[in-house]
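To start, the structure under review is shown below, and the notes come after it.
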Amino acid sequence: SVFAALSGRERQVLKLIADGLSNAEISMKLQISEKTVRNHASNLFDKLGVWSRAQAIVFARDHGFTS
């Protein structure tokens, strides 16, 4: 599975992105900085081969992502 390449934290961030949370909301929920959220998001976008949050959400849903 393509999701196996994601770290545990990247999976958490992807789930929260798919739930519609903003970077600020994700940072508060995970108690990490917004910059760290952005870094995780960029890394997971690269690993999934997508360019945006919307594409990541669609990709995750289309490929049966579960956290």
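Index from 1, following the sequence. Keep in mind it's a predicted model, so treat the numbers as computed, not measured.
Residues I57 and I17 approach most closely at CD1-O, 3.5 Å, considering heavy atoms. The shortest heavy-atom contact between S27 and S33 is CB-C, 3.8 Å.
Scored by the side-chain hydrogen bond (donor to acceptor under 3.5 Å, both in side chains) test, Q55 finds no partners at all (sequence neighbours excluded). Scored by the ring-ring contact (aromatic ring centres under 6.0 Å, His included) test, F3 finds F59, F65 as partners (sequence neighbours excluded).
Pairs of residues two or more places apart, or lying in two chains, that qualify as side-chain hydrogen bond (donor to acceptor under 3.5 Å, both in side chains) and include a residue from residues 37-48 are E10-K47. Among pairs with a residue in residues 17-36, those fulfilling salt bridge (Lys or Arg N to Asp or Glu O under 4.0 Å) read K15-D19, at least two apart in sequence or across chains.
In the hydrophobic clustering of ILVMFWY residues, with side-chain heavy atoms under 4.5 Å counting as a link, V2 and L44 come out together. Follow the hydrophobic side-chain contacts under 4.5 Å out from L16 and you never reach V58; the two are in separate clusters.
L30 places a side-chain heavy atom less than 4.5 Å from the side chain of V13. Side-chain contact between I32 and R9: present, with at least one pair of heavy atoms (C-beta onward) separated by less than 4.5 Å.
A donor-acceptor contact shorter than 3.5 Å is absent between the side chain of R53 and the backbone of A41.
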